[in-house]
**Student:** 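Can you read through this structure? Questions will come right after.
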Amino acid sequence: MTTIIKGGTVVSTTGADRAEVLVDGEIIVALLLPGSDTAEAAERGAEQVIDATGKYVIPGGVDVHTHMELPFAGTNASDDFETGTRAAAWGGTTTIIDFASQQAGENVRTCFDDRMALAEGNCAIDYGFHMIIGGVDESSLKEMDILVNEGVTSFKLFMAYPGVYLSDDAQILRAMQQSAGNGGMIMMHAENGIAIDLLAAQAVERGETAPINHGLVRRAELESEATHRAIQLAKVGASPLYIVHLSASEALEQVAIARGKGGNVFAETCPQYLYLTLEDHLGAPGFAGAGYVCSTPLRSKHEHHQADLWNGLRTNDLSVVSTDHCPFCMKDQKELGIDDFRAIPNGIGGVEHRMDLIYQGVVQGEITLPRWVELCATTPARMFGMYPQKGILAPGSDADIVLYDPNATWRISVDNHHMNMDYSAYEGFELNGHVDTVMARGKVIIEKGEYLGSKGDGKYQPRGLSSYLI
Ligand code: URP
Ligand code: ZN
Ligand code: ZN
């Protein structure tokens, strides 16, 4: 099937220009000058013409941090690969990178294979995996090398969650040395989990059990300290480092200092840290704040975290916006921590709303239109070895294409989202701009408010090394 997308404005990291996009099967074959002889000939020969008049035509979003069905605190994240990837598609994301996870004593290969089996045949959009190494030992280190050769080129380590995922400094350094050898990217959950657990226990002893205490004990200093430590360890280990879900100004400062000196230090933030706050959301009356328990936590509106994060997105100290999509329903899931915030499963769902929420940054003048595409599609693909197959509209790239209507206005609600959650963290947010049409590897899967895809459309994508390593 050949398709021509005409009349739209194609947005890339370098600008926004009128162009027509010619697709053959699953691949983009040309970008054509509107009105040119070639464009007119292509339109005459195309089997399908999509009118993009008044729309931006952008590469499909690439969300490099999701957790479908993640087991956490005795329950599982409420979106499985089918519901979560379908919701992502509704929001203009056509590729995710999720996580397989191993804990101490478990075999990395078995954990990876189990995760692959959960996703296989169920995804609406393309997907890849990072590997969480929760137990650094000789066997898992060897498996890291094997996985890199098989297209799993990034490994998440944790400085938080003692007894579950936490690696000590020696383990972290050892894994970094391994990735220095195999070219893999170390992703770091940078919070000092040992200090946090002490503060959390002390808070509970004082009777401070409400959700807001989750944020109060996970202090910005403890994110900053861990970020600094991770950066220094990566320097010693000569390994690339990517800080995940960065939320505090103080942690961003550490990344900025490191990047100012050169080297392979990168960081992402997530929409929740740009729009939600400790007081208004995590501190919502009653138990409602549980819906906003995530780690790193939401930060105080009385400090300047959000302004600093937007600034980091402009300066490229923050290179990527991912969601850390990890939804739990209030009922039966977040409720597990009704008497003790430590038992609330950590995570917020947002895979469906990342493109729209970050587009508000364009509307509000925080970032430019090309930067939106760069943060949400192009750099994520480059960072994690999927470029130029993903993240760009160019001849030879996968035809993952979103038509985005900048004139649409709408309101986020649990009543109109497609994630498997019984609340929306962004309930009532009034937005400008909306996803109109989504094509994933040449197949139109969202059009005129309808989902036209099916589970299994999405295929596993082995990845190369990061394009950014120097
Ligand atoms: O609260 C969060 N972020 N939940 C998901 C697990 C993680 O640490 O990314
Ligand atoms: Zn994390
Ligand atoms: Zn995460």
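Just follow the structure's listing: the first ligand is 1, and inside any ligand the first atom is 1. Note that this is a predicted model, so its numbers are computed, not measured.
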**Student:** Tell me: protein heavy atom nearest atom 4 (N) of ligand 1, and distance?
**Tutor:** Asn346 O, 3.1 Å
**Student:** Just let me know how Asp324 lines up against ligand 1, side chain, backbone, both or neither, with a heavy-atom cut-off below 4.0 Å.
**Tutor:** side chain
**Student:** Considering the heavy atoms of Phe158, write down every atom of ligand 1 situated less than 4.0 Å from one of them.
**Tutor:** 8 (O)
**Student:** How is the N/O/S atom of His245 that comes nearest to the Zn ion (ligand 2) named?
**Tutor:** NE2
**Student:** With a 4.0 Å cut-off, would you call Glu143 and Arg109 a salt bridge?
**Tutor:** yes
**Student:** Indicate yes or no: does Asp422 engage Lys331 in a salt bridge with an N to O separation below 4.0 Å.
**Tutor:** no
**Student:** The Zn ion (ligand 2) to Val244: any N/O/S contact under 2.8 Å?
**Tutor:** no
**Student:** List the closest protein heavy-atom neighbour of atom 6 (C) of ligand 1: residue, atom name, distance to the nearest 0.1 Å.
**Tutor:** His67 NE2, 3.8 Å
**Student:** Salt bridge check: are Arg229 and Glu225 linked by an N-O gap of less than 4.0 Å?
**Tutor:** yes
**Student:** Would you call Tyr387 and Pro380 a side-chain contact if the rule is heavy atoms closer than 4.5 Å?
**Tutor:** no
**Student:** Have a look at the Zn ion (ligand 3) and estimate, to 10 degrees, the angle subtended by OD1 (Asp324) and NE2 (His67).
**Tutor:** 90°
**Student:** Is it the side chain, the backbone, both or neither of Cys326 that has a heavy atom closer than 4.0 Å to ligand 1?
**Tutor:** side chain
**Student:** Thinking salt bridges, do Arg441 and Asp400 make one under a 4.0 Å N-O criterion?
**Tutor:** no
**Student:** When you measure from the heavy atoms of Tyr165 to every atom of ligand 1, does any distance fall below 4.0 Å?
**Tutor:** no
**Student:** Do the numbers put Lys334 on top of the ring of Phe287, so that NZ or CZ is under 6.0 Å from the six-membered ring centre and no more than 45° off the axis?
**Tutor:** no
**Student:** Measuring from the Zn ion (ligand 2), name the closest N, O or S atom belonging to His189.
**Tutor:** ND1
**Student:** Show me which atoms of ligand 1 lie under 4.0 Å from any heavy atom of Tyr161.
**Tutor:** 8 (O)
**Student:** Under 4.0 Å from any heavy atom of Cys294, which atoms of ligand 1 are there?
**Tutor:** 1 (O)
**Student:** I'd like to know: is the Zn ion (ligand 3) within the 2.8 Å range of an N/O/S atom from His65, strictly under that distance?
**Tutor:** yes
**Student:** Would Arg382 count as a cation-pi partner of Tyr468, with NZ or CZ less than 6.0 Å from the six-membered ring centre and within 45° of the ring normal?
**Tutor:** yes
**Student:** At a 4.0 Å cut-off, with the gap strictly under it, does some heavy atom of Phe99 reach an atom of ligand 1?
**Tutor:** no
**Student:** Counting non-hydrogen protein atoms only, what is the nearest one to atom 8 (O) of ligand 1? Give residue, atom name and distance.
**Tutor:** His189 ND1, 3.0 Å
**Student:** Evaluate Ser247 against Glu223 for side chain to side chain donor-acceptor pair (under 3.5 Å), listing each step before the verdict.
**Tutor:** CA-CA 8 Å; Ser247 69; Glu223 185 186 349; 3.0 Å; yes
**Student:** Is it the side chain (CB and beyond), the backbone, both or neither of Lys156 that lies under 4.0 Å from ligand 1, heavy atoms counted?
**Tutor:** side chain
**Student:** So His67 and His65, ring pair (Phe, Tyr, Trp, His ring centres under 6.0 Å) or not? Walk me through it.
**Tutor:** CA-CA 7 Å; His67 300 279; His65 190 156; 5.0 Å; yes
**Student:** Quick one: nearest non-hydrogen protein atom to atom 2 (C) of ligand 1, plus distance?
**Tutor:** Ser295 O, 3.5 Å
**Student:** Between Ile172 and Met159, is there a side-chain heavy-atom distance shorter than 4.5 Å?
**Tutor:** yes
**Student:** Salt bridge or not for Glu82 and Arg86, using N-O below 4.0 Å?
**Tutor:** yes
